[in-house]
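To start, the structure under review is shown below, and the notes come after it.
Sequential numbering from 1 along the given sequence is applied to the chain's residues. Keep in mind it's a predicted model, so treat the numbers as computed, not measured.
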Amino acid sequence: MTHPPMTRRRLLRTGAAGLALGLSGLPRGARAQEAVALQLSWLHSVQFAGSYIALRNGWWHEAGLEVSLLQGGPNAPVEPPVVAGTALVGISAADYAAAAVAQGAPFRIIGVAMQKNPFAIASLPGKPVETPADLPGKSIGMAIANTPVLQALCKLNDVDFDAIRIVPTQYSAQPLIAGEVDCLLCWETDLPVAMAIQGIEARTMLMADHGYALHSQTYIATEDSLAHRRGALVALMAGEVRGWEACRADSDAAAELTVALFPDAGLDLPTQKLQARRQLPLMFSDLTDRHGFGWWSDEAVEANIRTLSLLGREVTPALWDRSILEAVHAG
């Protein structure tokens with residue numbers, strides 16, 4: 001399913017008008033057929049720009065939905081509201097979904113926003129880490145909780161994990177900038193962006209380019225919703241598709257809208273613009289150009305299952321259900 005591209009001027013004009021709307025995205029006095037919530041995985045930022053565009057342009061309202069966007073964060077996990085039915089859909093990741101399913105949660109992944117996992121190894125040009133083979137002998141700043149991630153990357157690339165010195169650090173670029181570590185384990189879309197904003201050049205090695213296949217920013221729903229609320233799921237995901245297509249058409253406008261909608265979130269416009277530019281190549285690919293936003297291949301599922309196994313999570317292809325997207329893109 002395709003829609004006409006959203007020009008920057010049109011997007012900003014619609015977004016400015018949208019500031020008069022409530023957080024549900026409905027004009028005053030309007031009433032939608034069904035109220036649903038989308039649980040975001042983190043604090044408001046351009047990471048969810050496609051959702052903001054869909055909300056502020058009234059695309060969900062046109063489809064009969066009154067959508068509320070629930071902010072995530074360190075104390076707001078995605079999975080419980082979806083299980084409880086407070087949120088119809090949550091934005092999670094394959095490893096979190098797999099962990100929840102192992103504990104009995106009846107989840108299915110119904111869409112994949114990030115075709116490539118955003119985990120990366122960031123380094124400085126004077127001592128770059130360009131391939132996993134460059135890691136032995138290096139010190140890496142990272143959260144200890146991400147040790148299984150680094151171990152999986154090493155196993156996938158036949159690298160001696162024990163030859164890498166792990167330095168526990170806060171999630172900051174400062175240890176790398178100060179020369180306290182040789183590299184950082186981070187997301188492509190945050191610490192390297194923060195360094196670029198400071199005028200510091202960083203090299204990033206995207207782990208997805210070296211076998212670390214793990215779907216991120218995935219949309220999850222319960223089996224019950226798939227059985228009994230398919231119409232709402234199709235409408236919600238259709239809005240996401242339209243929103244992200246518009247963001248792709250003009251990411252700077254999407255960043256400006258994001259900052260305008262959340263003036264108290266401490267969002268810096270140049271940072272949001274650069275983050276948007278860096279995340280879009282992770283979200284769109286030849287596959288999505290052929291089949292539509294959110295799509296995935298059977299081969300990608302197999303690769304995800306292998307990576308999840310290295311992370312200690314055993315899942316089957318049944319975790320992924322493409323039927324909602326098939327309905328969206330056929331419409």
Side-chain angles (χ1 to χ4, degrees), residues 15 18-94 96-97 99-101 105-114 215-244 246-247 254 257-258 261-262 264-265 293-294 321 323-325 327-328:
L19 291 174
L21 308 183
L23 283 179
S24 66
L26 289 174
R28 293 187 181 93
R31 183 177 299 275
Q33 296 176 1
E34 184 174 0
V36 302
L38 172 61
Q39 176 65 59
L40 307 180
S41 58
W42 199 245
L43 305 175
H44 286 303
S45 77
V46 78
Q47 180 179 347
F48 309 109
S51 305
Y52 307 147
I53 295 170
L55 186 72
R56 290 312 185 190
N57 284 301
W59 292 333
W60 282 318
H61 179 51
E62 291 172 5
L65 296 183
E66 179 182 356
V67 178
S68 298
L69 301 179
L70 307 181
Q71 180 172 247
N75 299 312
V78 171
E79 293 75 22
V82 181
V83 170
T86 307
L88 177 65
V89 172
I91 297 178
S92 183
Y96 285 98
V101 168
F107 288 146
R108 292 291 181 267
I109 292 172
I110 63 170
V112 177
M114 286 196 176
H215 284 150
S216 185
Q217 207 154 321
T218 56
Y219 299 89
I220 58 171
T222 63
E223 294 172 352
D224 183 74
S225 292
L226 281 162
H228 302 292
R229 302 184 70 184
R230 296 189 69 84
L233 288 173
V234 170
L236 182 65
M237 291 304 298
E240 282 289 296
V241 169
R242 290 185 71 178
W244 282 110
C247 181
L257 177 60
T258 299
L261 292 178
F262 305 102
D264 299 325
F293 175 81
D321 186 315
S323 61
I324 300 300
L325 281 182
V328 168

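- The nearest pair of heavy atoms linking F107 to A100 is CE1-CB, 3.6 Å.
- F48 contributes atom CZ, which lies 10.0 Å from atom CZ of F262 (distance to the nearest 0.5 angstrom).
- By the side chain to side chain contact (heavy atoms under 4.5 Å, CB included) test, P77 is found to be paired with E79, P80, residues two or more places apart in sequence or in another chain being considered.
- Remark: A235 engages A63, L65 in a side chain to side chain contact (heavy atoms under 4.5 Å, CB included) (not counting sequence neighbours).
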Report the C-alpha distance between L236 and V67 in whole Å, list the side-chain angles of each, state the deciding distance to 0.1 Å, and finish with yes or no for side-chain contact (heavy atoms from CB on, under 4.5 Å). CA-CA 8 Å; L236 182 65; V67 178; 3.9 Å; yes
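- In this model, no donor atom of one side chain and acceptor atom of the other lie less than 3.5 Å apart for R108 and T222.
- Not a single donor-acceptor pair under 3.5 Å links the side chain of Q71 to the backbone N or O of Q39.
- For the atom pair I109 CD1 and Y219 OH, the distance stands at 12.5 Å (nearest 0.5 Å).
- The closest donor-acceptor contact from the side chain of Y52 to the backbone of H44 lies at 3.5 Å or more, if one exists at all.
- One distance of note links CD of E223 with CG of D321; it measures 9.0 Å at 0.5 Å rounding.
- The aromatic rings of F293 and W244 sit parallel to each other, their planes meeting at less than 30°, with 60° as the upper class boundary.
- Here the closest heavy-atom approach between residue S225 and residue L233 is recorded as O-CD1, 3.6 Å.
- Within the model, atoms CD1 of I91 and OG of S216 stand 10.0 Å from one another, a figure rounded to the nearest 0.5 Å.
- L70 has its side chain out of reach of L40: every pair of non-hydrogen atoms, C-beta onward, lies at least 4.5 Å apart.
- Between the side chains of E240 and S51, at least one donor N or O lies within less than 3.5 Å of an accepting N or O.
- Considering only heavy atoms from C-beta on, E62 comes within 4.5 Å of R242 through its side chain.
- When all heavy atoms of V112 and T218 are compared, the closest pair comes out as CG2-CG2, 4.2 Å.
- The minimum heavy-atom distance between W59 and A246, with the atom names listed, is CH2-CB, 4.2 Å.
- Residues R230 and S323 are in side-chain contact: their nearest non-hydrogen atoms beyond the backbone lie under 4.5 Å apart.
- Nearest heavy atoms, V83 versus A105: CG2-CB, 4.1 Å.
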Walk me through whether E66 and Q33 qualify under side-chain contact (heavy atoms from CB on, under 4.5 Å). CA-CA 7 Å; E66 179 182 356; Q33 296 176 1; over 6 Å; no
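- The shortest heavy-atom contact between A232 and V36 is CB-CG1, 4.5 Å.
- Within the 4.5 Å cutoff, side-chain heavy atoms of V78 are placed close to those of I220.
- Counting only heavy atoms from C-beta outward, the side chains of R229 and E34 approach each other to under 4.5 Å.
- Using a 4.5 Å heavy-atom cutoff, the side chains of I110 and V89 are in contact.
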